[in-house]
Amino acid sequence: MCFVVLAFAFLTSTNAQIAPPPPGPPPPPGFPIDAGIIGVLAAGLLYGIRKKVNK
């Protein structure tokens, strides 16, 4: 009787596994443009204005 109870406990626990969630969507292709590009453009604009004023 003890063997039947233990066998039943092990068999039910092996069937109660949860499936893993599906993978997320892939990242978008291309070059990421973030807020840093605004700083680079502003610095270039200020540098160009400074060069024109000093000339």
Legend entry - Connected hydrophobic set around F3, excluding itself, where side chains approach under 4.5 Å: none
Legend entry - Whichever hydrophobic residues join L46 through chains of side-chain contacts under 4.5 Å: none
Legend entry - Common cluster, V53/L45, ILVMFWY with side-chain heavy-atom separation under 4.5 Å: yes
